[in-house]
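The figures that follow rest on heavy atoms only: side chains count, while hydrogens, waters and symmetry mates do not. Because the structure is a prediction, the values reported are computed rather than measured.
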Amino acid sequence: MTEDTRQFKPKELIAHLTHQPGVYRMLDDQGNPLYIGKAGDLKKRVSSYFARSGQVHRIRAMLVQVRRVEVTVTHSEAEALLLENNLIKQYRPRYNVLLRDDKSYPYIYVSVGEAFPRLSFHRGARSAKGRYFGPYPSAGAVRDTLGLLQKLFRLRQCEDSFFQNRSRPCLQYQIHRCTAPCVGLINAPQYQSDIDLAVTFLEGKKEKLTEELMRRMDNAANLLDYEMAAHYRDQIEALRRVSEQQYVSGESGDLDIMACSMAPGFACVQVFNIRSGLNLGNRAYFPRIPGEMSVGSLMTAFLGQFYLSHQIPENIIVSDKPDDSITLMSMLSGRLGRKVSIHYKVRAHRARWLDIARHNASYALKVRLASHAGMLKRLEVLQDELGLDDMPSRMECFDISHTMGEAAVASCVVFDSEGPVKSDYRRFNIGDVEPGDDYAAMRQALMRRYTRLKKGEGKLPN
């Protein structure tokens, strides 16, 4: 331990620590968190950092910068784990595992209280009245499902303003993707019947849906309405094809499958989402890892942060056992309100799905590493071309666009050593400049951008 770390007298701190569970925060000389952790026994856990030997390089580098340690006592270790992940999300300490992609998952929304309900893409707060189905791993997965629903049930997806001002059917009706309720080509009870079928599909009740369609087909045939009977027959056949692609064999509830692949300094966690037996797709996450870390520690940190902002299923299958999985399950169960189980030894169809997740995680990490190597090479060339002493680690690029000189807008895109940093992208509406004066527009954008950054609202580029 160096003289710098003794400035806050760790022995005195440890002497007054409690043996209760809680969260500890290691702060630098500016009061910024370097690392946030949880402990079942605060005294034992914090004192282990200041042992004279046995610390890995990452911990030693962190301790040199520590000037103060703050603790928060909790009632249980599960409560400490929840608080830890909330604080990590808030402060984003450099020595913690950080899940960078924290956007909310998209849903399919079915409106209620209307004669002709609408199906639509939704992301954000689920406060409007209606049914929400998901979450889906990406916007593409939602749009694919909406496309299938259009083909199967011919329901409207247009905005209300468009729907309420039609005088004739739109193209969706012509290509058999809508029944044109906007101009009265289908009545409200018939349309609601199609909505009910779509909801049954989204709930994953494929057997019930097939039985209902077969019942309708038989009724139509008995009434000699062979055209409608053929329509239901085609729906049943289309549903069978879709089911073969989307339904997960042997699964009927909610389940997440997560597989991790690691390389020095990099990690990928592949997440597959299954809801009501439906495979909603998968997505790769690349959490920032602070140096050496075991896969068990990474999975614990990832799961804790991931489920702060995503729906928690009753079953989670993981490729590697998280450290302290019992505490993690307790925390997730408390948030969900019922038991959550984490499985890492699975068989039969679940083992096959886990193998697929592992393969996807390994492949995604290889692609990421290749992209990172290519980015570093481009930065090296840029450094040589510009004669820079150091390789640039953060760059910002601006552009001005307008329509015939009017409605000027400035855009700012940001790159670091790993590529685009889309969360830091910004757009500025330009005002009070002469139309077509790109220099004045650029000056305004730069002044607004860097006035904010100098106030500490973000990172300055190189």
Side-chain angles (χ1 to χ4, degrees), residues 100-109 111 114 118-128 130 132 134 136 138-144 146-147 150 156-175 177-178 182-183 309 371 375 378-379 382 385-386 392-462:
R100 296 184 175 188
D101 189 347
D102 196 30
K103 294 180 180 178
S104 61
Y105 272 13
Y107 287 76
I108 288 177
Y109 171 66
S111 61
E114 301 173 316
R118 171 183 176 236
L119 273 73
S120 60
F121 176 100
H122 177 84
R123 192 196 294 273
R126 300 190 295 278
S127 55
Y132 295 89
Y136 288 78
S138 66
V142 173
R143 294 190 177 98
D144 287 345
L146 287 173
Q150 274 193 313
R156 80 174 184 96
Q157 297 182 17
C158 56
E159 297 284 350
D160 290 340
S161 58
F162 181 86
F163 175 79
Q164 293 164 2
N165 293 283
R166 295 297 300 174
S167 59
R168 60 179 183 176
C170 69
L171 178 63
Q172 294 299 319
Y173 172 77
Q174 304 294 337
I175 62 174
R177 296 291 186 270
C178 182
C182 54
V183 292
S309 54
S371 175
M375 178 60 68
R378 288 191 289 271
L379 290 175
L382 180 63
E385 289 292 328
L386 299 180
S393 59
R394 184 179 176 90
M395 298 172 287
E396 297 193 354
C397 313
F398 291 81
D399 191 23
I400 306 294
S401 64
H402 53 76
T403 304
M404 302 293 290
E406 302 291 336
V409 175
S411 60
C412 169
V413 297
V414 183
F415 289 78
D416 64 11
S417 59
E418 296 184 3
V421 186
K422 295 187 177 181
S423 60
D424 289 351
Y425 283 15
R426 293 294 182 269
R427 184 174 60 185
F428 304 91
N429 292 320
I430 304 300
D432 301 324
V433 299
E434 288 293 325
D437 189 346
D438 285 356
Y439 295 101
M442 185 66 77
R443 175 182 173 81
Q444 184 180 131
L446 294 172
M447 290 294 293
R448 288 166 62 181
R449 173 67 169 170
Y450 294 111
T451 299
R452 294 174 184 174
L453 293 190
K454 288 186 70 175
K455 292 180 178 178
E457 295 183 16
K459 297 178 181 178
L460 284 166
N462 300 125

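Taking OG of Ser417 as the start and CE of Met395 as the end, the distance is 9.0 Å to the nearest 0.5 Å. Within the model, atoms CD of Gln164 and SG of Cys182 stand 11.0 Å from one another, a figure rounded to the nearest 0.5 Å. Considering CD of Gln174 and CD of Gln172, their distance stands at 10.5 Å, rounded to 0.5 Å. Between the CZ atom in Phe428 and the CE atom in Met442 there is a gap of 11.0 Å [rounded to 0.5 Å]. Distance check: Met375 CE to Leu382 CG gives 10.5 Å after rounding to the nearest 0.5 Å.
Sequence neighbours left out, the pairs with a member in residues 435-450 that pass salt bridge (Lys or Arg N to Asp or Glu O under 4.0 Å) are Glu396-Arg449.
A donor-acceptor contact under 3.5 angstrom links the side chains of Glu114 and Ser111, judged on distance only. Under 3.5 Å, the side chains of Asp416 and Ser393 contain no donor-acceptor pair of N or O atoms. Looking only at atom types and distance, the side chain of Tyr107 has a donor-acceptor partner in the side chain of Arg126 under 3.5 Å away.
In plain terms, the two heavy atoms of Phe163 and Cys158 that are nearest each other are CB-SG, 3.7 Å. Shown here for Pro392 and Leu379, the closest heavy-atom pair between the two residues is O-CD1, 3.7 Å. Annotation for Ala410 and Ile400: closest pair CB-CD1, 3.5 Å, computed over non-hydrogen atoms. Nearest approach of Cys178 to Tyr173, heavy atoms of both residues: O-CD1, 3.4 Å. Here the shortest heavy-atom pairing between Gly130 and Tyr109 reads CA-CE1, 3.7 Å. The two residues Ser167 and Val183 have their closest heavy-atom pair at C-CG1, 3.7 Å.
For Arg394 and Asp424, the salt-bridge test passes: some basic side-chain N is under 4.0 Å from an acidic carboxylate O.
Arg118 places a side-chain N or O within 3.5 Å of a backbone atom of Gln157 that can act as its donor or acceptor partner. A donor-acceptor pair under 3.5 Å is absent between the side-chain atoms of Glu406 and the main chain of Pro435, judged by distance alone.
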> Which is it for Phe415 and Val421 under the side chain to side chain contact (heavy atoms under 4.5 Å, CB included) test, yes or no, and what are the steps along the way?
Replying inline: CA-CA 5 Å; Phe415 289 78; Val421 186; 5.9 Å; no
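The shortest distance between side-chain heavy atoms of Gln444 and Val433 falls below 4.5 Å. Between Tyr425 and Arg427, every side-chain heavy-atom pair lies at or beyond the 4.5 Å cut-off. Looking at Leu146 and Phe121, their side chains come closer than 4.5 Å, going by heavy atoms from C-beta outward. Residues Arg123 and Pro106 are in side-chain contact: their nearest non-hydrogen atoms beyond the backbone lie under 4.5 Å apart.
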